[in-house]
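Reading through the structure tokens given below for one structure.
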Number of protein chains: 2
Amino acid sequence: MSWLESIQYQSQQWGQRALDRHLRLGVTGLSGAGKTAFITSLVHQLTLGDQPEHLPFFAVVQQGRYLGGRLANNQPLAFPRFPYEQNVQYLQQQPATWPPSTAGWSQLNLTLRYKSAAGWRSKIQQRSELQLELVDYPGEWLLDLPMLQQDYQQWSTFCWTLFEQPHRQAEAQVFADLLANTDLNDVSELQLQRLTDAYLNLLHTFRENAATFLHQPGRLLVPGELAGAPMLKLFPLLPAQLKQDSPLLQQLSEHYHSYCDYVIKPFYRQHFSRLDRQVVLVDCLSALNAGFAAIQELQQALGLIMQSFRYGPASILGRLFKPQINKVLFAASKADHVTPEQHKALTLLLQQLLQQPIKHSHYASAKSEAMALAAIRASSAGFVQHAGQKSPCISGVELDSGNKVTLFPGEVPAKLPDTALFNRHPFQFPALAPLQHSGQQPMPHVRMDHALEFLLGDKLQ
Amino acid sequence: MSWLESIQYQSQQWGQRALDRHLRLGVTGLSGAGKTAFITSLVHQLTLGDQPEHLPFFAVVQQGRYLGGRLANNQPLAFPRFPYEQNVQYLQQQPATWPPSTAGWSQLNLTLRYKSAAGWRSKIQQRSELQLELVDYPGEWLLDLPMLQQDYQQWSTFCWTLFEQPHRQAEAQVFADLLANTDLNDVSELQLQRLTDAYLNLLHTFRENAATFLHQPGRLLVPGELAGAPMLKLFPLLPAQLKQDSPLLQQLSEHYHSYCDYVIKPFYRQHFSRLDRQVVLVDCLSALNAGFAAIQELQQALGLIMQSFRYGPASILGRLFKPQINKVLFAASKADHVTPEQHKALTLLLQQLLQQPIKHSHYASAKSEAMALAAIRASSAGFVQHAGQKSPCISGVELDSGNKVTLFPGEVPAKLPDTALFNRHPFQFPALAPLQHSGQQPMPHVRMDHALEFLLGDKLQ
């Protein structure tokens, strides 16, 4: 977008924001948390699901004031567009499949029409409009934020603390040995390349392991157009190697600062600082399946992610930008993979993982909410009779085998489980295919109406 | 790069440019023309090849005034860096292999030191420095330039004129049939996606065919961070479909204009307009191997590429930017794949392909030169005795088989061959592996000293 066009586009947006008719909603989550399904469902609910019986807790629909939503015709032609229609096609295939997840960011614009509930607008306008911009971006980009508050030495130390954890130690040892035998005076291109390749290899190994969530720097794994930039030759030196100055330490420090300036800050400036509201999706069930270390690391990753939503005057974000996010929804996704009476426990577990820091933070600027939901249903819930007792169960199609199953997937712990519990009771929540869905039918969900009400309800008054 | 840092970086450059100590050299060519080998060799010659017997026509070396070159320490950390050291490693492997070619653009900075030949600088300075920035980018980006002068209808008509050529017609027919059966009122996302996928498929088929060089829009094949942007849903409608207005025609016209504004113009503004000199590499021998249609299309592609170097006040470039390229070297690469007495013919053929339009153009702002060269030698030249006669030959290692061969690869036509010649005499120039090259030895070449003298000689006075 040219400078002039960008100004024009932004002032259009500002105009609408002044009339309170514009909302930019970010959707994020760590890889596999269900961003694609969430946005696809959200768009489907707002365009085809506006029946009161389908969205009972979405007030504007319940009150008969919702006039409908459609994809907007002001979609920016030069930005990646969220592939909504293609995703719906995947869900309508026989058998239905989950749409593929995407790397990078994308945007989709919607126009929502409604009748105002009261006030001057209801008097002078037949109908009101809300322009909704949905922005999808990887949660991993938020994990880079703490790097802005560290220098290269602090970051390296943090990395090795992480790598010393039992579930990471064995894999990290090879890289540690390589570093230990490295000449710190050699800053040749080939040396930097060799060590970066080894570190990238380690990150790939970690990522394939379901128990890890923290991979810094985030763009090393998905460099995009930064491929080949010297600043991406970045890896942590061993703590002992940080104690005295060396050419390699100096070189890596330079790369680290460039990464902060050319990657992290522009993301916050260009994408994050323009968001009004934010959804963070968390897949607690997969983390429980992966074990104690996974739950611990998920908690740590969420703690880092939440730094992006605490931006009082003293915070790094408050000093650098003026974020304007005033509502954050933390959602435990895939709630339909457990029986309904477990949803309460799932929500409590998510709150424990979040340590509820936002509500209690002195600098909290955003209202937050935690809930369990399923954007697109993959199961139906019911009961089985067993030995004269009625037990809850879910029915669906197993993702791997394609077999129909009816099962009780297990209980969700309502608080953070300790090692002992994992040893006694390994979790095995299933992976299910989406329910078959056809054409113009509303998309079955769990609690998307609650999510819509929290995220949009006050803007559709 | 932040706004302020970018200003600082640029004013540093301007400072050096005022003292005539800064030169930004673009290197381009259509895929497979030898860009990677050229830049690797150029850097090697300037850092390790500065012996008079190795570069006899490079005056600053010949006159003993060249003090040496090294990779500069002002390499921008956030831009893709040309992987020079890695490329040299490929050439030093056993057996030597060509370095992989790259997509996108990259940069490498060099500092050259020399003694001035005469004038005030030789009196007051022990040594002078030239900052040389090498910028590598795909020639395909230049092929998009003519789109700026066309509207969507004109571009579509141009595409179908091209697709009607005998070597393209059969493959294009499938796409033409698909378009003919398309509802022009349907501008749904899925329809645009389906047709774009089909067009991309056609471009892929064309590209695999050695006889085609023109693929527009260039970024459809390598979208990078533009992946998913609506403007990349772009394909030519059939000429008959352009005659009356339709929703699909309107939609594609919008995408076309966005592509011009957000892809083509920024490339010229950000990369091209800052170049001082330019090398365009052309692989004439592969085109001869591929036949008459290939030679014709190569000529057409070069004609389009050369529009970027004709930028008088009336040209599109002259109106949009202020390019400053004042020297253009057109080089027929891989000259060592024919015997030395054929080099003259190879150069003449290249000049015919270029139709020498630059020298005669009223708007020519750049001095141009055409020559045959080999950046990195893949053969040694000699003679064989045959039936009492001495015949020229070359020896090298066949790329595919790895076998040592000694052969006379054939004559190069000194002017554009017609169909009849191709029928009588199919060309079969070989593909050879690079000569084995070790460590600190100067890299064997053909006429790189001439190229260096043309590109840098006057700046090293």
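All values reported here derive from a predicted model rather than from experimental measurement. Residue numbering restarts at 1 for every chain, and letters A, B, ... go by the order of the sequence lines.
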Is it the side chain or the backbone of Glu254(A) that comes within 4.5 Å of chain B heavy atoms, both, or neither?
-> both

Full working for side-chain hydrogen bond (donor to acceptor under 3.5 Å, both in side chains) between Gln250(A) and Asp245(A) = CA-CA 7 Å; Gln250(A) 279 181 28; Asp245(A) 205 16; 3.0 Å; yes

Pair count under 4.5 Å, heavy atoms only, with chain A: among Arg81(B), Gln89(B), Lys233(B), highest is Arg81(B)

Quick one: which of Glu189(B), Glu85(B), Lys265(B) has the most heavy-atom pairs under 4.5 Å with chain A, could you say?
-> Glu189(B)

Side chain, backbone, both or neither of Ser258(B) within contact of chain A (heavy atoms, under 4.5 Å) = side chain

Engaged part of Gln75(B) at the chain A interface, taking heavy atoms whose separation is under 4.5 Å = side chain

On the 0 to 90° scale, with breaks at 30° and 60°, tag the His271(B)-Trp141(B) ring pair as parallel, tilted or perpendicular.
-> tilted

Which of parallel (below 30°), tilted (30 to 60°) and perpendicular (above 60°) describes Phe267(A) and Tyr137(A)?
-> tilted

His255(A) meets the side chain to side chain donor-acceptor pair (under 3.5 Å) criterion, sequence neighbours left out, with Gln251(A)

Rounded to the nearest 0.5 Å, what's the gap from OG1 on Thr111(B) to CG on Leu132(B)? Could you check?
-> 9.0 Å

